[in-house]
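Source: prediction; values computed, not measured.
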Amino acid sequence: SNILIDDAHFTSSVTANAMNDVFVKASSGNVAFDGDLNVESFYGDIGLTADEYALTVNGTTRLYASPVDFQPVSETNSEDRLGGSVNISALDGGTITTHDLTIDVSAKGQDNVGGGDGYGGDGTGGNIDIAADYDGAITVNGNLTATANGTGASGPNGAGLGQGGSVSIGSGDGTLS
């Protein structure tokens, strides 16, 4: 399942959960959330884009692109897991405004209970990219928390590897505040 929101006004808090991608795009009209915006993608990516229009969250924005941590099947190898990507971009005069912004693209490998090779799965954090370009503006009226941890899981023969992802924040000729 994927979710796309564009040219919309929500008068209360919104929670959007998808197995794959979730995109909130102010590209054919303004998008406004009068309350909080909570988005979770279990095996995909999340994008917030303002292209010539305004994307406004009057509450807290929480974006999670982390895989589901389900229990292993006892006779198989553990699953390696990868966090998704969160891309936030304002361009061509578009604006994104929110209060606190929390982003998490962390991943933990699957534990091993003695099946397969006996090693825990690897966990690799995803990628976070926040960019304002071409006179776009991104404003966070509060705290910004960005997490891209990778954690290896446990297993009777050894733990999996953990590797963090990346966080990139920048502006070409836009503004970040």
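Of the possible donor and acceptor atoms, one in the side chain of Ser1 sits under 3.5 Å from a partner among the backbone N and O of Met19. A distance-only check finds a donor-acceptor pair linking the side chain of Ser41 to the backbone of Asn20 [under 3.5 Å]. Put simply, the side chain of Ser171 never gets that close to the backbone of Asp133: no donor and acceptor are under 3.5 Å apart. Between the side chain of Ser106 and the backbone N or O of Asn149 there is at least one donor-acceptor pair closer than 3.5 Å. When atom types are taken as modelled, the side chain of Gln110 and the backbone of Ser78 share no donor-acceptor pair closer than 3.5 angstrom. Using modelled atom types, one side-chain atom of Asp100 and one backbone atom of Asn143 make a donor-acceptor pair closer than 3.5 Å. Of the possible donor and acceptor atoms, one in the side chain of Asn112 sits under 3.5 Å from a partner among the backbone N and O of Tyr119. Side chain of Asp122 to backbone of Leu161: a donor-acceptor contact under 3.5 angstrom is found.
If you take CG on Leu144 and CD1 on Ile103, they are separated by 5.5 Å, rounding to the nearest 0.5 Å. If you take CD1 on Ile169 and CD1 on Ile88, they are separated by 9.0 Å, rounding to the nearest 0.5 Å. Atom OG1 of Thr60 sits about 9.5 Å away from atom CG of Leu101, to the nearest 0.5 Å. Summarising the geometry, atom CZ belonging to Arg81 is positioned 5.0 Å from atom CZ belonging to Phe70; distances are rounded to the nearest 0.5 Å.
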I'd like to know whether Asp6 forms a side chain to side chain donor-acceptor pair (under 3.5 Å) with Ser27, so could you lay out the CA-CA distance, the side-chain angles of the two residues, the decisive distance to 0.1 Å, and finally the verdict. CA-CA 7 Å; Asp6 190 359; Ser27 59; 3.1 Å; yes

For the pair Thr147 and Asp104, evaluate side chain to side chain donor-acceptor pair (under 3.5 Å) and give the outcome as yes or no after the intermediate values. CA-CA 5 Å; Thr147 308; Asp104 193 336; 4.9 Å; no

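Checked for salt-bridge contact, Lys25 and Asp51 miss the test: no charged N lies under 4.0 Å from a carboxylate O.
A 4.5 Å side-chain heavy-atom check between Asn17 and Phe42 finds at least one atom pair inside the cut-off.
Remark: Arg62 fails to qualify as a cation-pi partner of Phe33 under the 6.0 Å distance and 45° angle criteria applied to the six-membered ring.
Judged purely by distance below 3.5 Å, without hydrogens or angles, the side chains of Thr11 and Asp34 never pair a donor atom with an acceptor atom.
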